[in-house]
Q: 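Let me give you the structure first, and then I'll get to my questions.
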Amino acid sequence: MKKLFIAAFFILTGLLANAQKRITEDNASEKISISKGLFKQGDDMTWAEPGMDDSSWDEIDVTKCWDQQGFPAYYNSYAWYRIHVKIPKSNTDQQNVIIVKIPKVDDVDECYMNGRLIGSSGSMPSSADGYATGVFAPERYYEAGIKETCIRLGEDNVIAIRAYNRGGSGGMCEDSVHVYFPPAVDGISLRLNDISTGQHHCNVEIVNKYATMTKGELEITLTDRETGAVVKSLSKKVTVKRGKPAVVPVYYDSDKMCNLTATYTDTKFGKVITETKQLKYILTPPDPAAPRFNGAPVFGVRPGSPVIYRFPVSGERPMKITCSDLPEGLDLTENDGVLSGRIVQAGNYTFTVTAENANGKATQEFTLKVGDDMIGQTPPMGWNSWNCWGLTISQEKVIASAQALIDKGLADHGYNYINIDDGWEADVRNPDGSIEANEKFPSMKGLIDWLHDRGLKFGIYSGPGETTCGGYLASLGYEKKDAEKYNEWGVDYLKYDWCSYENERHKNNDWGFSSCIRPYLLMQQFLRQQPRDIFYSLGPLGGTQVHLWGLYCDGNSWRTAPDIEDTWEAVYSVGFRLQEGKSQYSSVGHWNDPDMLVVGKVGWGRGELRETRLTPDEQYTHITLWTLLASNMLIGCDIAKMDDFTLNLLCNNEVNAINQDMLGKQADLVLKDGDIEVWSRPLADGSIAVGIFNVGEKDHLVDLKTYIPSESPAKAVRDVWRQKDLTPDELVCTIPLHGCRYLKVTF
Ligand code: GAL
């Protein structure tokens, strides 16, 4: 009876929707809007089937989360929706697909049309990749092929949605479900694929995802952003078939700042699609062929701990790296400059290292500081798996990035930590309580030895609660065992993340700073008992303001912001707003950490890796700001897929030298003039580093000299990205929106 009533309701809703909600734009078909469905908590894959008997299911309003309708909140499990819908014959010429648009789902969903999976968001705990939240896409547009999903036009069809929730409210909310036929021209999209490896070019791709072949005209313009001049323009007739993009490559000079605009005009519908892209541009001069030392001339180690340090030296290989006054207890490999050994006696050990190749010779006077509070002399530089691989990290992927770190020259620029984030842990501990890696890491010890042999260091991830943020085993109650295991494996860095420790505070109703410090101090005591140095990085703690107490836990760095994303909004909030006034909490060996880098190909393990969504200007701003902030410089992309542009961002020795400056002073916001922000830090050689940022939404013509925060006349104003001193004329320039200029000023 209930079912009959609901079916009638849907038909009526559909009819009403037809009458009221005509979609006028773009020749789209009428939309059917559905706000009620059937609902059942539990999980059974046969519930996707169109013919199953759902007469006993409860009725639910899909526009509100289930807990707002009497179903239990904090029901941290699966539930299903079934929506019966009569899909009318379309009045358009597009009959091969329909769109099912479902509202936000808290927090993971799979959508089935007549029993066939047509889309999903996030990933279910039962899937091979494990649970990953889907909240990032507020609404979901799923496409169902008419033939493939056996849609019966004019008859009843079933959309089944499998939802999974973890924490708080659950299920669909905020809007109805919509079903409609897209117009043919909606299948056409433009993709601008900027390729900055080899001969730099941008592929303009016109893609047709629907069955109807379309024809149109493509116009392309390349404009120099600095002069406004049109560098190139072309126009072409194109035919676009399904599954076969039309591709037009446009070559450009990567030392110019250009915009590419592509416009497609569809012959039949007259619809115009335009995309503009800021093209990648390279500012960093190429490394010279002769040897050059690119690292700070210092490294710190505790007495008796193993030294693992790879001298970052660029220049052509083969190269010989030698030292004639190496302190006793140390060893230096000649071909790749790996320093190893131990020194038991505290003190400063200074020696001269020489690098020589067919093109020349360079030397560096280097000091190994041996002492109790000596690790982390400069912010750590390296790689972390999270922003690219999320929970899908594996030993194979780590090796690929580590090998690429060496092959692409990043190790020659000081990147030396290879850190895995969450997702490495086995489901259960060994009978003796020790932690184990899961099947994705067949040999943790083998992996770490492999890295150490190459002078690279290894970082691992855990937390003080029962589980990590990704739901894996964490260290609560096993801190000592875990620290011992890290030592046995050879771990050099621990990221210790808050996550489920919040439950312990709830349990004990204990909200003071001491409740934060206690678990972190406990782990640090056990780490300190190990006969090796483990850099201690403290995770983001919601509202607990770790920078205020990180030092009391003997932390080497602490997060000063929530998780970053590859958007301007995230960089602006995490990098600019949340770092204001925090320099006082940073000092040598104890760094503020506004999170990992989001340049290159990222993805957090959700589907395919993709190009960061930051524009090239925004990426320069990101790196400029992070180096000024004396932040940890942990690359978050797949290094194996890194292109020339990203390498140019990460391997500028003058830019990195500011991050690694031995004075260790984080920059402050020293001036705000409308959209322009000036951040500056003093450097060990008496000069200052100045970042002048345009955080507004339009370009600004500025005189850089008015933003140099010093009374004394400058002897030289150096553009550190371009690595050249600026003439007075060059100080007047345009800073594009979200862009910056990076200066080193000497007096
Ligand atoms: C978050 C942390 C991320 C990542 C993730 C792993 O809390 O901020 O950087 O480590 O946990 O689950």
Side-chain angles (χ1 to χ4, degrees), residues 295-296 298-302 309 369 371-384 386 414-417 419 421 457 459 461 492-498 516-517 520-521 523-524 527-528 533-541 544-564 574-576 578-597 622-636 650 655-669 679-684 689 691:
V298 66
F299 182 67
V301 65
R302 295 196 182 109
Y309 181 79
K369 293 194 171 184
D372 256 355
D373 191 25
M374 286 301 163
I375 72 169
Q377 284 294 303
T378 58
M381 293 177 76
W383 176 82
N384 174 293
W386 185 250
Y415 295 92
N416 56 59
Y417 279 101
N419 296 353
D421 209 283
K457 296 187 269 284
Y461 172 92
D492 308 297
Y493 186 117
L494 172 65
K495 172 172 171 184
Y496 208 46
D497 208 354
W498 185 249
C516 305
I517 296 173
Y520 278 86
L521 203 49
M523 182 49 121
Q524 176 62 317
L527 293 178
R528 283 284 199 145
D533 294 347
I534 301 180
F535 184 99
Y536 194 32
S537 142
L538 317 186
L541 313 177
T544 64
Q545 300 198 295
V546 56
H547 56 279
L548 298 181
W549 50 266
L551 198 59
Y552 301 115
C553 314
D554 189 17
N556 297 113
S557 71
W558 38 77
R559 283 278 291 276
T560 46
D563 286 14
I564 196 168
V574 163
F576 288 94
L578 290 172
Q579 307 311 317
E580 258 185 271
K582 293 216 172 120
S583 66
Q584 56 184 307
Y585 303 107
S586 162
S587 61
V588 170
H590 312 281
W591 309 103
N592 285 332
D593 168 14
D595 206 3
M596 299 163 299
L597 305 176
H622 176 28
I623 302 299
T624 301
L625 186 57
W626 261 240
T627 54
L628 278 165
L629 292 171
S631 162
N632 300 18
M633 294 291 285
L634 293 178
I635 300 165
L650 297 171
V655 169
N656 292 345
I658 295 173
N659 172 260
Q660 297 287 298
D661 185 73
M662 281 165 61
L663 202 58
K665 278 263 171 231
Q666 172 176 333
D668 281 304
L669 173 63
W679 291 67
S680 176
R681 64 182 279 188
L683 301 174

Q: Test of understanding: with side-chain hydrogen bond (donor to acceptor under 3.5 Å, both in side chains), list the residues that count as partners of Trp591, not counting sequence neighbours.
A: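 If we apply the side-chain hydrogen bond (donor to acceptor under 3.5 Å, both in side chains) test to Trp591, skipping adjacent residues, there are no hits.
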Q: Can you tell me how far CH2 of Trp679 sits from OG of Ser583, rounded to the nearest 0.5 angstrom?
A: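 Output value for this atom pair is 9.0 Å.
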Q: After noting the C-alpha distance and the side-chain angles of Tyr461 and Asp497, does the key distance pass the side chain to side chain donor-acceptor pair (under 3.5 Å) rule?
A: CA-CA 7 Å; Tyr461 172 92; Asp497 208 354; 2.7 Å; yes
Q: Short question: side chain of His590, backbone of Gly555 - any donor-acceptor pair under 3.5 Å?
A: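 Checking the backbone N and O of Gly555 against the side chain of His590, a donor-acceptor pair under 3.5 Å is found.
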Q: Looking at every heavy atom in both Met381 and Tyr415, which two are closest together, and how far apart are they?
A: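 Residues Met381 and Tyr415, closest heavy atoms: CE-CZ, 3.6 Å.
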Q: Salt bridge (charged side-chain N to carboxylate O under 4.0 Å, His left out): which pairs involve residues 545-562, sequence neighbours left out?
A: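 The answer is Arg528-Asp554, Arg559-Asp563, Arg559-Asp595.
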Q: Between Asn592 and Thr560, does any side-chain donor sit less than 3.5 Å from a side-chain acceptor?
A: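 Note: Asn592 and Thr560 side chains miss the donor-acceptor criterion.
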Q: Quick one: are Phe576 and Leu669 in side-chain contact, heavy atoms under 4.5 Å?
A: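 No, every pair of side-chain atoms sits at 4.5 Å or beyond.
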Q: To the nearest 0.5 Å, tell me how far Ile658 CD1 sits from Leu663 CG.
A: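 Atom-to-atom, Ile658:CD1 and Leu663:CG are 12.5 Å apart.
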Q: Looking only at heavy atoms, what is the nearest atom pair of Tyr585 and Trp558, with distance?
A: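 Closest approach of Tyr585 to Trp558: O-CZ2, 3.1 Å.
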Q: Applying side-chain hydrogen bond (donor to acceptor under 3.5 Å, both in side chains), can you list everything that pairs with Ser680, at least two apart in sequence or on another chain?
A: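 Expected list: none.
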Q: Which of these, Gln579, Lys665, Gln666, His547, sits in a side-chain contact (heavy atoms from CB on, under 4.5 Å) with Ser586?
A: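 In the set Gln579, Lys665, Gln666, His547, the residue that makes a side-chain contact (heavy atoms from CB on, under 4.5 Å) with Ser586 is Gln666.
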Q: List in chain and number order the residues that pass side-chain contact (heavy atoms from CB on, under 4.5 Å) with Val298, two or more places apart in sequence or in another chain; answer none if no residue qualifies.
A: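 Partners of Val298 under the side-chain contact (heavy atoms from CB on, under 4.5 Å) test: Ala296, Lys369, Gln377, Thr378, Met662.
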Q: Listed by chain and number, what are the ring-ring contact (aromatic ring centres under 6.0 Å, His included) partners of Tyr496, not counting sequence neighbours?
A: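 Partners of Tyr496 by the ring-ring contact (aromatic ring centres under 6.0 Å, His included) criterion, ordered by chain and then number, come out as Tyr520.
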Q: Under the side-chain hydrogen bond (donor to acceptor under 3.5 Å, both in side chains) test, which residues partner Asp421, sequence neighbours left out?
A: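 So Asp421 forms a side-chain hydrogen bond (donor to acceptor under 3.5 Å, both in side chains) with Asn384, Lys495.
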Q: About how many Å separate CG of Leu548 and CD1 of Ile517, when rounded to the nearest 0.5 Å?
A: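 Here the interatomic distance stands at 9.5 Å.
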